[in-house]
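The structure under discussion appears below in the form of structure tokens.
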Amino acid sequence: MSIDQAHAHQLENPDQSGPPPKIEIVAIVPEAPRAPEGAEAMTILVTLPPDSPGAPPHRHSGPAYGYVVKGAINFELEGEPVRVVRAGEAFWEPGGDVIHYQDGNHLADEESAFVVTMFCAPGQPMLVPVSPQELEARKDRRAPRS
């Protein structure tokens with residue numbers, strides 16, 4: 001059985017005045033990381049101007065799940081190569097100790113935007129920048145860049 005079959009949704013339309021909703025699986029995170037105890041869920045819309053580098057290297061206190069609604073973003077987590085996530089595609093990160101190096105606009109001439117829901121530890125900021133000293137100390141954990 002494929003993942004799509006295992007997660008298929010069929011909704012009856014009790015009103016019968018129109019077609020039922022179409023439900024498509026965008027992404028599945030097997031064994032998703034747990035949110036911190038008492039986590040606050042926060043959903044934000046991030047709009048990146050053309051060629052924006054995005055946030056500086058940072059981490060989150062809990063997992064984050066996102067969806068690119070427009071354009072394309074450069075996405076890089078500690079230990080993984082940079083990848084381009086395009087409109088209609090999803091991304092996630094485990095949070096905690098993992099550094100999120102990039103979330104910048106991949107496009108030099110168009111705006112890009114993504115929606116992300118983060119599960120933050122209570123009383124913690126949603127994003128904590130990583131110092132240059134820590135980046136240097138952990139440089140061996142970053143995937144090779146081309």
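Closest of all the heavy-atom pairs between Pro33 and Pro94 is CG-CA, 3.8 Å. Nearest heavy atoms, Ala108 versus Pro50: O-CB, 3.3 Å. Looking at every heavy atom in both residues, Pro122 comes nearest to Glu37 through CD-O, 3.4 Å. Here the shortest heavy-atom pairing between Ala90 and Val26 reads CB-CG1, 3.8 Å. Contact between Ser61 and Cys120 at its shortest, heavy atoms only, is OG-CA, 3.4 Å. When all heavy atoms are compared, the tightest approach of Phe119 to Pro36 is O-CD, 3.5 Å.
Listed by first and then second residue, the salt bridge (charged side-chain N to carboxylate O under 4.0 Å, His left out) pairs involving residues 112-121 amount to none (not counting sequence neighbours). Residue pairs meeting the salt bridge (charged side-chain N to carboxylate O under 4.0 Å, His left out) criterion with at least one partner in residues 41-51, sequence neighbours excluded, do not occur; the list is empty. Applying the salt bridge (charged side-chain N to carboxylate O under 4.0 Å, His left out) test to pairs two or more places apart or on separate chains, those with a residue in residues 102-127 are Lys70-Glu111.
At most 12 heavy atoms of other shown residues, nucleotides or ligands fall within 6.0 angstrom of atom CZ in Arg34.
In this structure, Glu134 CD and Ile99 CD1 are separated by 5.0 Å, a value rounded to the nearest 0.5 Å. The distance from atom CD of Glu40 to atom CD of Gln124, rounded to the nearest 0.5 Å, is 9.5 Å.
Counting heavy atoms from C-beta outward, Val82 and Tyr101 have side chains that stay 4.5 Å or more apart.
Every residue two or more places apart in sequence or in another chain that forms a salt bridge (charged side-chain N to carboxylate O under 4.0 Å, His left out) with Glu24 is listed here: Lys22. Listed by chain and residue number, Ala72, Asn74, Arg86, His106 satisfy the side chain to side chain contact (heavy atoms under 4.5 Å, CB included) test with Val84 (two or more places apart in sequence, or in another chain). For Glu89, the salt bridge (charged side-chain N to carboxylate O under 4.0 Å, His left out) criterion is met by no residue, not counting sequence neighbours. With sequence neighbours excluded, the residues forming a side chain to side chain donor-acceptor pair (under 3.5 Å) with Glu78 are Arg138, listed by chain and number. Checked against salt bridge (charged side-chain N to carboxylate O under 4.0 Å, His left out), Glu136 has the following partners two or more places apart in sequence or in another chain: Lys139. Applying the side chain to side chain contact (heavy atoms under 4.5 Å, CB included) rule to Ala143 yields the partners Pro81; only residues at least two apart in sequence or on another chain are considered. Arg142 meets the salt bridge (charged side-chain N to carboxylate O under 4.0 Å, His left out) test with Glu76; sequence neighbours excluded. His100 meets the side chain to side chain donor-acceptor pair (under 3.5 Å) test with His58, Glu93; sequence neighbours excluded.
In this structure, Met118 shares a hydrophobic cluster with Met42, Ile44, Val46, Leu48, Val68, Ile73, Phe75, Leu77, Val85, Phe91, Val98, Phe114, Val116, Met126, Leu127, the cluster being traced through Ile, Leu, Val, Met, Phe, Trp and Tyr side chains under 4.5 angstrom apart.
The main-chain N or O of Ser52 is never found under 3.5 Å from a side-chain atom of Asn105 such that the two would form a donor-acceptor pair.
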